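Right, one structure below, let's go through it.
What's counted below: heavy atoms across the whole structure, side chains too, no hydrogens, waters or symmetry copies. This structure is a prediction, so every number in the text was calculated from the model and none was measured. Throughout, a chain's letter reflects where its sequence line sits, starting with A, and its residues are numbered from 1.
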Amino acid sequence: MRRTYVALVAAFAAPTLVSAQAKEWREIHKPPLRAFVPQQPRRFTLANGLVIFLQEDHELPLVRGTARIRGGSREEPAAKVGLLGVYGQAWRTGGTKNRTGDQLDDELEARGARVESGAGLDSTTLGWDCLKESFDPVFVTWLELLRSPEFREEKLAIAKNQINTGIARRNDDPSGIASREARKLGYGKESPYARSAEFATVAAVTREDLLTWHAATVHPNNMILGVVGDFDSKAMEAKLRKALGSWPRGTAFTKAAAPTYEPKPGVYFVPKDDVTQSNIRMLHAGIRRDNPDYFAVEVMNEVFGGGFSARLFSNIRSKKGLAYSVGGGIGAPFDYRGLFQLAMSTKSGSTAAAIDALYEETDNLLKSPVTADELARAKDSILNSWIFNFDTRQEVMAERMLEEFYGYPADFLERYRAGIEKVTTDDVARVARAYIHRDKLALLVVGKAQDFDRPLDSFGAVTTLDVTIPQ
Amino acid sequence: MRRMPLGPVLAGLAMVACARAAHAQDVAAFEKKITVRTLANGLTVLVCERPEAPVFSFFTHVDVGADREVPGITGLAHMFEHMAFKGTDRIGTRDYEHEKQALEAVEAAYAAYDGERRRSVGRDDKKVAELEKAWKEKIAEADGYVVPNEFGEIVDREGGVGLNASTSSDDTRYYFSFPSNRVELWAYLESERFLKPVLREFYKERDVVHEERRMRTESSPVGRMVEQFLAAAFTAHPYGQPVVGWPSDLDTFSATDAAAFHARYYVPSNMTIALVGDLRSSEALPLVETYFGRLPSAPKPQPLRTVEPRQTAERQVVIKDPAQPFYLEGYHRPAYLHPDDAVYDVLQDLLSSGRTSRLYRSLVRDKRIAANASGFSGFPGVKYPSLFAFFGVPTPGHTPQEVQAAIRVEIERLKTEDVPEAELEMVKTRTRANLVRGLDSNQGLAVQLGLSQARYGDWRGLFQEVDRIQKVTAADVRRVANDTFVEANRTVAIIESTRMATAKEAGQK
């Protein structure tokens with residue numbers, strides 16, 4: 001060990017002697033980045049409609065896979081909000097027809113493997129992660145869960161317990177309150193895109209509901225599967241075809257209607273007394289990612305709210321010292337309209353000053369559009385960090401799965417790059433005017449009103465929101 | 001949000017492979033990729049070649065955290081971390097010569113103002129107001145020379161991602177990732193900010209840090225509880241002080257204090273840098289030498305004198321709060337270099353890892369009194385004797401006292417029954433996996449290798465931890481549990497909800 005070290009020092013003695021002088025940063029040469037063509041995953045479709053991606057990566061002796069299935073919490077019945085939350089846990093913990101969840105825990109742990117389920121707004125997932133040599137038994141477990149989950153009652157109870165704990169505690173976190181209520185203001189209180197699980201809606205979820213959900217969504221033609229790791233693609237394809245090829249098609253799943261709600265401008269307030277800081281949100285409707293203006297919006301977001309050099313960070317945090325956390329921009333989800341949102345927290349005594357500052361930045365964005373320098377900075381930042389979108393093989397596959405899932409073109413990343421390159425200062429000014437409307441902003445504050453520097457009604461008539469947790 | 005949920009679902013066991021496949025092979029494989037060098041000024045640099053994609057990550061470890069703070073300057077290590085983003089004499093300024101004078105004037109004005117406002121006898125409030133005004137005028141003057149956030153802007157613009165830093169009770173860490181054609185630019189930026197930091201906009205940033213305190217500590221029930229818990233558990237050692245600092249200190253310490261802290265602790269002998277990715281050590285090391293070799297050498301700071309004295313009586317913190325209930329208890333344990341360190345790692349895993357862990361099975365699965373329960377080692381740090389802590393989040397309708405009783409049952413089992421061989425074996429496999437987790441990304445590797453190099457003086461320490469855990473026996477676990485988990489060595493913190501959720505026994509159904 002010691003010898004190696006000495007040898008290394010000797011080896012570097014020579015270059016040190018001729019090493020260059022330290023330069024100033026503007027003079028430092030940046031050679032062109034070496035050519036790098038990321039390895040694309042292999043994509044194929046089974047006769048039953050199942051789309052599969054295979055991405056070989058032999059760095060570690062691991063095989064990891066995930067199935068993403070259409071249908072999520074936005075599609076659950078209003079009287080049973082929380083169904084998907086229970087499903088996402090109990091799918092795995094409830095075991096299979098052959099084995100209980102506890103048995104699966106023991107068996108998987110003994111192999112150092114993992115199989116996990118999950119649920120989100122628009123989809124559910126079932127994935128595995130194992131050593132190459134335990135792929136066969138782990139894959140059997142995954143298949144059993146996919147095809148014959150049992151959703152045992154006692155595991156439903158545990159899942160409900162955890163969700164109820166979250167409900168009971170949700171008003172302890174002021175930024176959590178702000179985020180939740182902002183979504184309600186943006187999409188409507190009862191919207192599938194904003195509503196919250198309550199004790200009663202969680203209690204209404206039954207094992208039957210989970211079985212029904214599973215039967216309605218988990219079909220080969222309603223999901224995509226991606227596998228990455230240390231395997232031979234040909235052999236893996238043969239295994240997957242054999243295991244999944246005879247699975248019959250199901251009825252196509254119907255997606256929830258896209259939100260059309262127009263947020264109501266106004267001043268909204270949630271009283272919270274055990275804080276020294278106010279959480280502030282301002283919002284109105286945003287855009288969807290397939291909007292042709294998306295690229296200009298991305299550049300605008302970078303100038304306005306992205307990173308250390310953005311206007312919000314520089315002006316409100318660095319120059320004014322008003323916030324630790326401040327950010328914002330136009331949201332652009334893949335398949336529904338996002339929100340334009342500003343978010344910050346500041347001490348109770350500077351609440352009004354902070355709101356003034358956020359309005360000022362919004363006005364400035366409309367009045368003094370981005371400069372050529374800001375544009376160049378934002379584009380450089382996006383384009384120079386481009387490589388980090390595909391610097392691992394897993395990321396490359398994940399990107400392709402996203403495009404597949406949402407029906408975006410397979411070269412969306414390349415189009416994104418080309419789109420960003422073309423954005424001009426005029427484009428940014430135009431999209432700012434088109435998508436940011438100061439008079440449509442809803443203002444939301446969570447905090448302790450008696451400590452504010454100015455009453456909230458100085459910004460308009462205040463609507464107090466009741467966030468009491470229904471018992 | 002752009003990524004598939006593949007990561008969160010599957011991230012966990014990514015490195016079981018290395019754990020299983022006798023790690024001696026891994027050490028051998030890493031030997032070929034890793035070069036370590038100590039510069040003449042004492043700085044340690046590690047380069048690990050991993051040439052998949054043309055990118056690299058780095059990790060700078062500075063062996064100072066809140067541990068070296070004394071009353072009056074609590075929060076200063078973290079404050080300096082914020083200041084390390086404020087630029088240098090070339091970055092972040094329009095005219096450094098004049099800015100320098102203006103910043104000196106700010107300090108003089110602040111000293112005058114601060115001296116007067118904190119006079120306990122004979123303070124002249126009118127004079128305080130005048131001095132405050134004068135200080136703020138000097139700040140405005142100095143601010144006129146600032147190019148805001150130019151350091152971060154350069155990193156962003158050059159394609160850097162993940163620019164961030166963190167401060168703990170033990171150390172301060174800096175990191176980001178760059179495209180691999182910018183190694184020299186990185187060497188410039190990272191050396192320059194520690195060589196010639198300019199503490200501009202200090203008092204605005206102090207306000208920002210105070211906002212961070214309001215967010216993480218004051219406006220969070222668990223944040224408030226943890227602060228009280230640590231203050232009770234440690235009577236002498238700085239582990240009892242909040243990393244973010246006490247409010248009085250955040251309102252008082254100066255840029256002059258921060259400069260003194262930097263001069264004393266940001267010396268090359270106290271710093272370790274790890275670089276991982278698409279770079280060759282034969283090219284990267286000369287650049288590191290050129291740029292970081294400029295840092296003036298200075299002796300490594302003397303070890304901290306204060307050692308937490310043996311606790312002789314149980315301590316309790318009970319917080320009556322409108323928030324939901326919470327339970328936390330901790331027992332003093334030795335520092336990470338103690339021979340029993342690995343036994344505590346085993347205890348942690350046995351109690352807390354996954355659905356087969358003892359606390360999950362008892363409190364979450366069987367008794368259903370907690371949504372989450374865990375035991376964790378090394379709180380709030382590992383460098384010095386710290387705590388082995390347990391916490392439980394009661395489900396609706398259940399109390400911290402029920403959680404406490406259930407945790408104590410599991411502790412008693414550890415003290416009176418040997419851990420079955422099969423369970424210990426499972427724990428060892430899993431713990432080995434945990435130790436090497438995160439090694440499959442450039443940034444994760446940089447952190448793990450850099451940390452081991454700094455802590456053990458050898459990156460192989462990472463793998464030697466695996467060896468030590470391998471040797472832990474059931475008798476060790478029982479002995480350490482009996483030595484550690486005793487009443488007089490315990491501190492308890494409870495949030496007693498002043499509006500206990502009725503929740504209609506929602507959790508019971």
Side-chain angles (χ1 to χ4, degrees), chain A residues 8 12 15-16 19-20 22 24-25 28 30-31 33-34 36 60-62 64 66 105-106 109 112 114 116 118 125 127 129 131 158 161-162 164-165 168-169 172 174 199 203 274-277 307-309 314 317-319 321 323-324 345 347 377 380-381 384-385 387-388 391 398 401-402 471, chain B residues 3-6 9-10 12-13 16-17 20 35 53-55 90 148-149 152-153 156-159 161 179 181-182 184-185 188 201 204 207-208 211-212 214-215 218-219 221 285-286 289-291 294 322-324 355-356 365 368 371 393 395-396 426 429 433 440 501-504 506-507 509:
Chain A
L8 288 170
F12 289 105
T16 304
S19 76
E24 281 312 316
W25 68 274
I28 290 173
K30 290 164 288 190
L33 200 59
R34 81 167 156 82
F36 176 64
L60 299 166
L62 293 169
R64 292 173 279 177
T66 196
D105 294 341
D106 288 335
E109 288 289 356
R114 189 174 280 182
E116 288 299 333
T125 55
D129 181 341
L131 285 169
I158 293 171
N161 231 349
Q162 302 209 330
N164 286 333
T165 303
R169 289 171 185 271
D172 287 357
F199 293 127
D274 64 330
V275 296
T276 58
Q277 206 178 42
F308 275 80
S309 43
S314 262
R317 176 168 153 155
S318 303
K319 284 192 196 159
Y324 171 72
S345 51
K347 61 184 174 295
R377 226 160 53 195
D380 279 354
S381 172
N384 284 332
S385 62
I387 181 76
F388 290 101
D391 61 327
M401 287 178 75
L402 269 186
Q471 293 299 321
Chain B
R3 295 287 161 218
M4 277 283 291
L6 190 76
V9 177
L10 303 174
L13 287 221
V16 181
R20 274 275 184 87
T35 307
V55 295
R90 310 267 171 141
N149 296 314
E153 182 192 320
D156 278 350
R157 190 167 185 167
E158 296 291 339
V161 298
N181 58 343
R182 286 164 166 84
E184 185 169 1
L185 181 65
Y188 172 86
E201 300 177 303
K204 294 276 162 46
D207 291 343
V208 170
E211 291 295 352
E212 192 176 353
R214 290 186 188 97
M215 181 180 86
E218 297 174 9
S219 299
L285 282 171
E289 174 86 54
T290 299
Y291 286 90
R294 301 176 301 162
Q324 291 296 300
R355 294 195 196 93
T356 54
R365 185 189 73 176
R368 298 186 194 170
V393 182
T395 48
M426 188 187 270
T429 309
D440 63 346
T502 53
K504 286 190 176 171
K509 304 230 169 74

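Minimum heavy-atom separation, G321(A) to V208(B): CA-CG2, 3.8 Å. Contact detail for R368(B) and I158(A): the closest heavy-atom pair is NE-CG1, 3.9 Å. Shortest non-hydrogen contact noted between P396(B) and F199(A) is CG-CE2, 4.5 Å. Closest non-hydrogen pair, S318(A) versus K204(B), comes out as O-CB, 3.6 Å. Closest approach of N149(B) and S314(A) over heavy atoms only: ND2-OG, 2.9 Å.
A donor-acceptor pair is defined here as one N or O able to donate and one able to accept, closer than 3.5 Å; such a pair exists between the side chain of N181(B) and the backbone of P31(A). Of the possible polar contacts, one joining the N384(A) side chain to the R157(B) backbone as a donor-acceptor pair under 3.5 Å is found. In this structure a side-chain-to-backbone donor-acceptor pair under 3.5 Å is present from S219(B) to T276(A). With hydrogens and angles disregarded, no donor-acceptor distance shorter than 3.5 Å links the side chain of D156(B) to the backbone of S381(A). Side chain of E184(B) to main chain of K30(A): no donor-acceptor pair is present (N/O by atom type, distance under 3.5 Å, no hydrogens or angles).
Using a 4.5 Å cut-off between heavy atoms, M426(B) touches chain A through its side chain atoms alone. Using a 4.5 Å cut-off between heavy atoms, R365(B) touches chain A through backbone and side chain atoms alike.
The line from CZ of R317(A) to CG of D207(B) is 12.0 Å long, rounded to the nearest 0.5 Å.
Look at E116(A) and R355(B) and you find a salt bridge, because one of the NZ, NE, NH1 or NH2 atoms lies within 4.0 Å of a carboxylate O, short of that distance.
Checked against side chain to side chain contact (heavy atoms under 4.5 Å, CB included), P54(B) has the following partners two or more places apart in sequence or in another chain: L33(A), R34(A), F36(A), I387(A), S180(B), D278(B).
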Query raised in the report: Checking side-chain contact (heavy atoms from CB on, under 4.5 Å) for the pair D106(A)/T356(B): CA distance, chi angles, key distance, verdict?
Result: CA-CA 7 Å; D106(A) 288 335; T356(B) 54; 3.5 Å; yes
Query raised in the report: Are E211(B) and Q277(A) close enough, and set up right, to give a side-chain contact (heavy atoms from CB on, under 4.5 Å), and what steps lead you there?
Result: CA-CA 8 Å; E211(B) 291 295 352; Q277(A) 206 178 42; 2.8 Å; yes
